Amino acid sequence: MTLDSIRVRFAPSPTGYLHVGGARTALFNWLFARQSGGKFLLRIEDTDRERSSDEHTQVIRDGLTWLGLDWDEDIVFQGAGIERHQGLADDLLAQGHAYEDDGAVRFRMPHEEIAWEDAVGGHISFQGSDIQDWIILRSDRTPTYNFTVVADDADMRISHVIRGADHISNTPKQIAVFRALGQEPPVFAHVPMIHGQDGRKLSKRHGATAVGDYQNLGILPQALRNFLALLGWNPKDEREVFADINELIQAFSLADVQRKSAIFDLAKLEWMNGQYLSQTPVDQLLPLVEPEMKRLGLDPASVPHDKLIKAIDINRERARTTMDIAERAAVRLDASFIKQDDEKAKNLIAKDPDGFYSSLEATHQLLSGLNHSAWEPGRLENELRGLAESLGLGPGKIFQPIRVAITGTTVSEGIHILLDVVGREESLARIKSVLDGRT
RNA sequence: GCCCCCAUCGUCUAGCGGUAAGGACACCACUCUUUCAAGGUGGUGACAGGGGUUCGACUCCCCUUGGGGGCGCCA
């Protein structure tokens, strides 16, 4: 087979969302095609009219596009081939490969061994006699899935069928049809399934299972793509983060795809997303964070642009999702986004209320004495250090109350940076408000 | 019930007859620091069980157990 005759396809049914398992299957197909210089085709399995719709198809296209998986040639809609499918079924009927049964057309399974060399799973073998004759044309003349798949894969000259392992037991049926049709079956590659934390097939009850869910969570497409590639495949060296997609394309190999199903680990995805986040410059992050801020209820256009940029940049390295960044930025830009229920913050106060408030009081006095020109990170740091020293306190005793007063949490960037980002008036107002609110 | 696939740390994995069983996430400790996070360093942690084959098995074979998938006029 010449390289340019390599043709693979991703064939989802348009059920309303793009499952991450499907997305990974698409990714493996795409990587294989791009690496070999072959074609990656998209076919929509829309034969089940009641469950299909144009919007559902659009969701799949959007998901693939978001992930950067571009397809070649026109999208094939399976439903469009119904007459050809019927004709093929009639041929099989005429040749004795199928027979009529209650008005439907049933395929006659040959009673012989049906085996293939799976590009992932190795040698796999079934006995045809273990598989019942099955319907290829319903009594209303509509073709069934396992039959249309073969007809379309043959028609599209698919060379490699890369799909989920849940199709393994369909494969002997499909091989038998290829043979009855006088066609050479393609190479099959069955990639393992993705499971949820409970070890079961990843489904809606596991929470986020659609590509769009992760998009909403604030995951970057490059990160999801990288994570998915590593679920069931590895490059045989210690590489984990592939900053350049071409590196991934070159490294990919079907032979190195795992045969064991994998459990989807959200923590690792978030870690990987954090890796990408800290590598992404602010100007590229801005268009992703802005919509998240709007969803939180803060209009990014209502705050000074340089302040917005600073608030995002400061939190880029610490955050794991763009949602994280949006939340942290919002807190720095608008006091109404400060959360009042942070356990660690409440504990800090409760542990030593007098120390907390007196330190904050001293801080307020000091800071309100600084004018605008003095309000810059270096100066702030010096002043606050000096204060701690003169009070005979560890610096943490001074800084942590400020952090809590300004962000509502015990976690943030360096305190002088934080004060600078939030600004003089706002910082003082937040500290004052905490002092006034003492109960 | 029948058929098929699978089995290394909690999770993702490397290993392809002789290794102190390696890496990553998570976790813990230490460090850095101004707190937290991030970063850095280190640590806890695995070959499901039983038979073979072999001088020698995580690696090969068989059985058991466990897990998954499939057995529709669904896709």
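Chain naming here is simple, since letters A, B, ... match the order of the sequence lines and numbering starts at 1 in each. All values derive from a computational prediction rather than experimental measurement.
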Item to check | 5′-ward residue of the pair S261(A)/E238(A) relative to RNA chain B | outcome: S261(A)
Item to check | Toward the 5' end of RNA chain B, by each residue's nearest nucleotide, D101(A) or L269(A) | outcome: L269(A)
To the nearest angstrom, how far is [X] atom [atom1] from [N] atom [atom2]?
| X | N | atom1 | atom2 | answer |
| --- | --- | --- | --- | --- |
| R259(A) | U13(B) | CZ | P | 14 Å |
| F188(A) | G69(B) | CZ | P | 21 Å |
| I415(A) | A38(B) | CD1 | P | 18 Å |
| Q258(A) | U11(B) | CD | P | 13 Å |
| M272(A) | U13(B) | CE | C1' | 12 Å |
| I124(A) | G68(B) | CD1 | P | 19 Å |
| N146(A) | C73(B) | CG | P | 11 Å |
| R320(A) | C36(B) | CZ | C1' | 14 Å |

Nearest-Å distance once atom [atom1] is located in both [N] and [M]:
| N | M | atom1 | result |
| --- | --- | --- | --- |
| A26(B) | C12(B) | P | 15 Å |
| A7(B) | U33(B) | C1' | 46 Å |
| G66(B) | U8(B) | C1' | 15 Å |
| G45(B) | C61(B) | P | 31 Å |
| A48(B) | G42(B) | C1' | 31 Å |
| G22(B) | U44(B) | P | 10 Å |
| C25(B) | A20(B) | P | 26 Å |
| C4(B) | G23(B) | P | 39 Å |

Checklist entry - Taking it one step at a time, do T407(A) and T409(A) satisfy side-chain hydrogen bond (donor to acceptor under 3.5 Å, both in side chains)? => result CA-CA 5 Å; T407(A) 69; T409(A) 72; 3.1 Å; yes
Closest to the [X] side chain: [options]?
| X | options | value |
| --- | --- | --- |
| I168(A) | A26(B), C4(B), G69(B) | C4(B) |
| S139(A) | A26(B), A37(B), C73(B) | C73(B) |
| S13(A) | A26(B), A75(B), U13(B) | A75(B) |
| Q400(A) | U35(B), U13(B), A24(B) | U35(B) |
| Q132(A) | G72(B), G69(B), C36(B) | G72(B) |
| W271(A) | A37(B), C3(B), A24(B) | A24(B) |
| E240(A) | A24(B), G39(B), C3(B) | A24(B) |
| K260(A) | U13(B), A37(B), A75(B) | U13(B) |

Under 4.0 angstrom between [X] side-chain N/O and [N] OP1 or OP2:
| X | N | answer |
| --- | --- | --- |
| R403(A) | U35(B) | no |
| Q78(A) | A75(B) | no |
| R138(A) | C74(B) | yes |

Which part of the nucleic acid, if any, lies within contact of [X], taking any heavy atom under 4.0 Å across all strands shown: a base, the sugar-phosphate backbone alone, or nothing?
| X | result |
| --- | --- |
| D140(A) | nothing |
| E270(A) | nothing |
| S125(A) | sugar-phosphate |
| R318(A) | base |
| I135(A) | base |
| R163(A) | nothing |
| D237(A) | nothing |
| F399(A) | base |
| H195(A) | sugar-phosphate |

If pairing requires Watson-Crick or G-U wobble contacts with both distances under 3.5 Å, which nucleotide is the partner of [N]?
| N | answer |
| --- | --- |
| G43(B) | C27(B) |
| C58(B) | none |
| C2(B) | G70(B) |

Checklist outcome for this item: Which of E383(A), E376(A), E381(A) passes side chain to side chain donor-acceptor pair (under 3.5 Å) with R379(A)? It is E383(A)
Item to check | Residue pair Y17(A) / V59(A): nearest heavy atoms and the distance that separates them | outcome: CA-CG1, 3.7 Å
Checklist entry - CD of E83(A): more than 12 outside heavy atoms within 6.0 angstrom? => result no
Item to check | Trace of the ring pair (Phe, Tyr, Trp, His ring centres under 6.0 Å) decision for W71(A) with F40(A) | outcome: CA-CA 5 Å; W71(A) 55 93; F40(A) 171 64; 7.7 Å; no
Checklist entry - Taking N and O atoms by type only, does the side chain of K268(A) place a donor or acceptor under 3.5 Å from a partner on the base of A24(B)? => result yes
Item to check | Distance-only donor-acceptor test (3.5 Å): side chain S169(A), base C71(B) | outcome: no
Checklist entry - Run the salt bridge (Lys or Arg N to Asp or Glu O under 4.0 Å) check on R141(A) and D90(A) step by step: do they pass? => result CA-CA 10 Å; R141(A) 301 267 307 155; D90(A) 289 337; 3.0 Å; yes
Item to check | N170(A) and Y145(A): CA distance, side-chain angles, deciding distance, side-chain hydrogen bond (donor to acceptor under 3.5 Å, both in side chains) verdict | outcome: CA-CA 10 Å; N170(A) 287 329; Y145(A) 172 77; 5.1 Å; no
Checklist entry - Any luck finding a side-chain donor-acceptor pair between T148(A) and R43(A) under 3.5 Å? => result no
Item to check | Modelled atom types, side-chain donor and acceptor of N29(A) and H160(A), under 3.5 Å | outcome: no
Checklist entry - Counting distance only, does the side-chain N/O of D342(A) pair as donor-acceptor with the main-chain N or O of K344(A) below 3.5 Å? => result yes
Item to check | Sub-4.5 Å side-chain heavy-atom contact between Q275(A) and N226(A) | outcome: no
Item to check | Stretch residues 221-236 of chain A: residues that reach within less than 4.0 Å of RNA chain B through a heavy atom | outcome: L230(A), L231(A), G232(A), N234(A), K236(A)
